[in-house]
Amino acid sequence: MPLESNEARAQLAKNIVAYKRSIKYLDTCGELTLEKLIEARRIAGNGPDDDWYRAMWIKAQRILPGVGEGPGGREQLRYDMRKTMIQAVAQFEALLGPSERKWWQFQR
């Protein structure tokens, strides 16, 4: 069911842009570090605080590859964060419903 409130639509659109930027950052930032993980959260505009990421960074080194989804180790943090944001973008876009015209429809 599409949202009716212009304010809610604007916030969802803003979140979509921020999440997509964060996903792109995660895809292009190279070897993952704690600082890069925190930067991805900052770009997204929300998420757990820095202390949560520090604790997860320490715990993640013990995640074995092949257990569940993802690569294991600290790369699992990138995988999980990326997956969560992709799911959120899809949900936000569904809530927004179809727009009148997409950006690519204006280009010739």
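All values below were derived from every heavy atom in this structure, side-chain atoms included, with hydrogens, water molecules and symmetry-related copies excluded.
The shortest side-chain heavy-atom distance between I38 and W57 does not fall under the 4.5 Å cut-off. Taking 4.5 Å as the limit, some side-chain heavy atom of I16 sits within range of a side-chain heavy atom of L96. In this structure, the side chains of I58 and Y53 stay at 4.5 Å or more apart for every pair of heavy atoms. The shortest distance between side-chain heavy atoms of E75 and I63 does not fall below 4.5 Å. Considering only heavy atoms from C-beta on, C29 stays 4.5 Å or farther from E39 through its side chain.
Remark: the backbone N or O of G73 is not paired with any side-chain donor or acceptor of R62 at under 3.5 angstrom. Between the side chain of S22 and the backbone N or O of A40 there is at least one donor-acceptor pair closer than 3.5 Å. With K36 contributing its side chain and E31 its backbone, the two residues share a donor-acceptor pair below 3.5 Å.
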### Query
Does the salt bridge (charged side-chain N to carboxylate O under 4.0 Å, His left out) test come out yes or no for D51 and R54, once each step is laid out?
CA-CA 5 Å; D51 290 336; R54 285 184 191 95; 3.0 Å; yes
(request) Go through the steps to decide whether R42 and E35 satisfy the test salt bridge (charged side-chain N to carboxylate O under 4.0 Å, His left out), and finish with yes or no. (result) CA-CA 10 Å; R42 187 198 64 75; E35 292 75 23; over 6 Å; no
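Closest of all the heavy-atom pairs between A18 and A44 is CB-O, 3.5 Å.
The structure places CD of Q76 at 14.5 Å from NZ of K59, a figure rounded to the nearest 0.5 Å. Between atom OH of residue Y79 and atom CG of residue L26 there is a gap of 13.5 Å, rounded to the nearest 0.5 Å.
Residue E7 places its CD atom among 12 or fewer non-hydrogen atoms of other residues, nucleotides or ligands, all under 6.0 Å distant.
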Would you tabulate the side-chain donor-acceptor contacts of residues 83-90 under 3.5 Å, counting partners in other chains and residues two or more places apart, or write 'none'?
unit_1 : atom_1 : unit_2 : atom_2 : d
K83    : NZ     : E69    : OE1    : 2.7
K83    : NZ     : E69    : OE2    : 3.3
T84    : OG1    : D80    : O      : 2.9

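Note: the hydrophobic cluster containing L34 also contains M81 (ILVMFWY, side chain heavy atoms under 4.5 Å, direct or indirect links).
For the pair D27 and R82, the salt-bridge criterion is met [side-chain N within less than 4.0 Å of a carboxylate O].
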